[in-house]
Protein chains: 2
Amino acid sequence: MNISQAAKLSKLSVKTVRYYADIKMVEPARNIRSGYRSYTNDDVAKLNFIGKARRFNFSIEECRELLSLYQNKNRSSKEVKKLTLAKIASIDEKLKEFHSLRDELSYLVNCCNGDDRPSCPILDELSK
Amino acid sequence: MNISQAAKLSKLSVKTVRYYADIKMVEPARNIRSGYRSYTNDDVAKLNFIGKARRFNFSIEECRELLSLYQNKNRSSKEVKKLTLAKIASIDEKLKEFHSLRDELSYLVNCCNGDDRPSCPILDELSK
DNA sequence: ATAAACTCTCCATTAACTGGAATGTAAAGA
DNA sequence: TCTTTACATTCCAGTTAATGGAGAGTTTAT
């Protein structure tokens, strides 16, 4: 498939997908006639995965590492396992923080009455 | 307190804290003699909050909005509530994705035996 | 055949920092 | 008091991960 189809399926912009090709993250085949990039389903799966990881602030380099968990046949599974566990730990770290951010906002919502009075117990919470 | 103390407490770099002052996100008082930035506990609480929100990819502009939920006394609580609920929804969205990323990695770990054999059921999972 | 839609490369710009130089201030020890 | 060390300031350049636009070629649809 062409780049716009791949972008659509992976919910990334065409620009971003092209960028990932430029930096050799997901390198599609090329149509020899037109020079157009030609994406497979596997390519799209990788793009999806990268999109997900990027949305959680894994850097491009970390994404490369994560992708290599899938791809690098020369790595022992021991090493792969170690790397993956480290990534999971860092995800769990973020997950914890995530909940605390959500809780802070939830608390705000609950303590606001939602009418039109312009008051809310505000900096009390902030400076706790 | 001085900037390095504020940075330490908020787990941000001094550079970042100074940057947030430059862009008028958290503007500390100034020591009139030295010109040094002087942070209060409230300032640190704000920095903490911004740090948390940034780690979840809320943009600087969104962080400003979130901060205004706490600070803007001129906003009706109705409006505040609406904004906050929208933010919570977007957090929940991210949370869902987060879990799916974690699951994908967990699955990888579980299907690896963790010994030294260089094999792992890899692109099978990717191309599912 | 020609327009619309899509693709390409290349170059500039953006957001949110990050690093480094040059310089000023403050705290601690001799 | 002097001075060394640690910390602070501004300013400017560089980085990461895109994003936007120009100019030109390709494909598809009428």
Side-chain angles (χ1 to χ4, degrees), chain A residues 1-40 43-44 46-68 87 90 94 97 101, chain B residues 1-40 43-44 46-68 87 90 94 97 101:
Chain A
M1 72 190 84
N2 281 346
I3 197 166
S4 62
Q5 177 73 358
K8 196 171 189 176
L9 290 177
S10 59
K11 281 156 209 157
L12 297 171
S13 74
V14 168
K15 280 276 181 185
T16 300
V17 173
R18 200 175 282 127
Y19 172 72
Y20 288 159
D22 289 349
I23 64 171
K24 289 151 204 300
M25 276 266 277
V26 178
E27 291 183 283
R30 293 283 189 145
N31 180 317
I32 207 120
R33 248 163 219 287
S34 61
Y36 285 13
R37 291 173 181 84
S38 178
Y39 289 83
T40 65
D43 291 333
V44 170
K46 284 177 206 171
L47 289 171
N48 263 314
F49 185 83
I50 296 165
K52 231 180 272 180
R54 287 289 304 128
R55 258 164 260 134
F56 292 103
N57 281 350
F58 286 106
S59 72
I60 290 290
E61 274 327 297
E62 286 175 313
C63 288
R64 261 191 235 282
E65 261 177 51
L66 286 168
L67 267 187
S68 83
K87 291 296 170 200
S90 94
K94 287 183 190 196
E97 248 196 313
L101 180 63
Chain B
M1 71 191 83
N2 282 345
I3 197 168
S4 62
Q5 177 72 359
K8 197 171 188 175
L9 291 176
S10 60
K11 281 157 210 153
L12 297 171
S13 75
V14 168
K15 280 277 182 183
T16 300
V17 173
R18 200 174 281 126
Y19 173 71
Y20 288 160
D22 289 350
I23 65 171
K24 289 154 205 298
M25 275 268 275
V26 177
E27 290 183 283
R30 291 285 187 144
N31 179 319
I32 207 121
R33 253 169 212 282
S34 62
Y36 285 14
R37 291 175 181 84
S38 179
Y39 289 83
T40 65
D43 291 332
V44 171
K46 283 177 206 170
L47 289 171
N48 262 314
F49 185 83
I50 295 164
K52 230 179 275 180
R54 286 291 300 131
R55 258 165 260 134
F56 293 103
N57 283 348
F58 287 107
S59 72
I60 290 290
E61 275 327 298
E62 286 175 314
C63 286
R64 262 191 234 280
E65 261 176 49
L66 286 168
L67 266 187
S68 83
K87 291 295 170 199
S90 94
K94 288 183 189 199
E97 248 196 313
L101 179 64

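Numbers restart at 1 for each chain; the letters A, B, ... are given by sequence-line order, proteins then strands.
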Take atom [atom1] of [X] and atom [atom2] of [N], then tell me their distance rounded to the nearest Å.
X       : N      : atom1 : atom2 : answer
B:Ile32 : D:dA8  : CD1   : C1'   : 17 Å
A:Asp22 : C:dA12 : CG    : C1'   : 15 Å
B:Leu12 : C:dA16 : CG    : C1'   : 13 Å
B:Ile23 : C:dC17 : CD1   : P     : 7 Å
B:Ile50 : C:dC17 : CD1   : C1'   : 14 Å
B:Asn31 : D:dT9  : CG    : C1'   : 12 Å
B:Tyr36 : C:dT23 : OH    : P     : 16 Å
A:Tyr39 : C:dC8  : OH    : C1'   : 12 Å

Q: Would you mind telling me which residue lines up with the more 5' stretch of DNA chain C, B:Gly35 or A:Ser4, judged by nearest nucleotide?
A: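 Upstream on the strand: A:Ser4.
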Using a 3.5 Å distance criterion without hydrogens, assess whether the side chain of [X] forms a donor-acceptor pair with backbone atoms of [Y].
X       : Y       : answer
B:Thr16 : B:Leu12 : no
A:Arg37 : A:Ile3  : no
A:Asp22 : A:Tyr19 : no
A:Glu65 : A:Glu62 : no

Ignoring backbone atoms, test whether [X] places a side-chain nitrogen or oxygen under 4.0 Å from the OP1 or OP2 oxygen of [N].
X       : N      : result
B:Ser34 : D:dA8  : no
A:Arg18 : C:dT7  : no
B:Thr16 : C:dT18 : yes

Identify which nucleotide among [options] has an atom closest to any side-chain atom of [X], counting heavy atoms from C-beta outward.
X       : options                : value
B:Arg54 : C:dT18, C:dA16, C:dC8  : C:dA16
B:Ile60 : C:dC8, D:dT19, C:dC17  : C:dC17
B:Arg30 : C:dC8, D:dT10, D:dA8   : D:dT10
A:Arg37 : C:dC17, C:dT9, D:dT10  : C:dT9
B:Tyr19 : D:dT9, C:dC17, C:dT7   : C:dC17
A:Ser59 : D:dA17, D:dT10, D:dT27 : D:dA17
A:Arg33 : C:dT7, D:dT27, C:dC17  : D:dT27

Q) With sugar-phosphate meaning primed atoms plus P, OP1 and OP2, does A:Ile3 contact a base, only sugar-phosphate, or nothing at under 4.0 Å between heavy atoms? A)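 It contacts sugar-phosphate atoms only.
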Q: Look at all strands and tell whether A:Tyr20 reaches a base, only sugar-phosphate, or nothing, counting heavy atoms closer than 4.0 Å.
A: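 The residue A:Tyr20 makes sugar-phosphate contact but no base contact.
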Q. Tell me, do B:Asn2 and B:Tyr39 make a side-chain contact under 4.5 Å, heavy atoms counted?
A.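 A side-chain contact under 4.5 Å is absent here.
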Q.
For a 4.5 angstrom cut-off between non-hydrogen side-chain atoms, does A:Gln5 reach A:Val44?
A.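 They are not in side-chain contact.
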Q: Would you mind telling me which residue lines up with the more 5' stretch of DNA chain D, B:Gln5 or B:Lys15, judged by nearest nucleotide?
A: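 Its nearest nucleotide being more 5', the pick is B:Gln5.
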